[in-house]
Amino acid sequence: MPIDVNSEKCGYCGGCVVVCHDDAIELAEVNLIISNACTMCNACVVFCPVGALKSVDHERPV
Ligand code: SF4
Ligand code: SF4
């Protein structure tokens with residue numbers, strides 16, 4: 001997942017779902033799913049009012 005969701009901070013307001021122009025975020029009750037459609041534009045990270053989203057390094061070893 002290119003975007004990390006901090007489930008302790010996220011209030012599941014759904015705002016980032018609307019902000020994402022690539023339809024890469026899906027809100028399923030209390031679960032936020034970021035798909036591979038994400039282009040790392042960072043709009044959701046900047047938007048989130050509680051700072052629950054963070055972009056993660058694609059290159060890091062798994
Ligand atoms: S904008 Fe932030 S608080 Fe709202 S659903 Fe997205 S990650 Fe959660
Ligand atoms: S970084 Fe951009 S493309 Fe990726 S989930 Fe957030 S708003 Fe959507």
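When a ligand or atom number is given, it counts from 1 through the structure's own listing order. Numbers for residues simply follow the sequence, beginning at 1.
Cys16 and Ile25 get closest at one heavy-atom pair: O-CD1, 3.5 Å.
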Under 3.5 Å, sequence neighbours excluded: what are the donor-acceptor pairs made by side chains of residues 34-47?
{"residue": "Ser35", "atom": "OG", "partner": "Ala37", "partner atom": "N", "Å": "3.1"}
{"residue": "Thr39", "atom": "OG1", "partner": "Asp22", "partner atom": "OD2", "Å": "2.7"}

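Within a radius of less than 2.8 Å around atom 6 (Fe) of ligand 1, the protein N, O or S atoms are Cys16 SG.
Taking every heavy atom of Asp22 and a limit of under 4.0 angstrom, the matching atoms of ligand 2 come to 3 (S). The ligand atoms of ligand 1 that sit less than 4.0 angstrom from a heavy atom of Val50 are 3 (S). Within ligand 2, counting atoms from 1 as listed, the ones closer than 4.0 Å to a heavy atom of Thr39 are 3 (S), 4 (Fe). Close approach to Cys38 involves these atoms of ligand 2, each under 4.0 Å from a residue heavy atom: 1 (S), 3 (S), 4 (Fe), 5 (S). Close approach of ligand 2 to Ile3 (heavy-atom distance below 4.0 Å) involves ligand atoms 1 (S).
Residue Val19 is not grouped with residue Leu27 when hydrophobic side chains (ILVMFWY) are merged at heavy-atom distances under 4.5 angstrom, including chains of intermediate members. Under the 4.5 Å side-chain heavy-atom criterion for grouping Ile, Leu, Val, Met, Phe, Trp and Tyr, Val30 is not connected to Val18 through any hydrophobic cluster.
In this structure, the side chains of Val56 and Ile3 stay at 4.5 Å or more apart for every pair of heavy atoms.
Scanning the protein heavy atoms around atom 2 (Fe) of ligand 2, the nearest turns out to be Cys41 SG, 2.3 Å. Taking atom 8 (Fe) of ligand 2 as the reference point, the nearest protein heavy-atom neighbour is Cys20 SG, 2.3 Å. Summary of contacts: the protein heavy atom closest to atom 1 (S) of ligand 2 is Asn42 N, 3.2 Å.
Sorted by first and then second residue, the side chain to side chain donor-acceptor pair (under 3.5 Å) pairs involving residues 6-18 (not counting sequence neighbours) form an empty list.
Cluster partners of Ile33, using a side-chain heavy-atom cutoff of under 4.5 Å among ILVMFWY residues and allowing indirect links: none.
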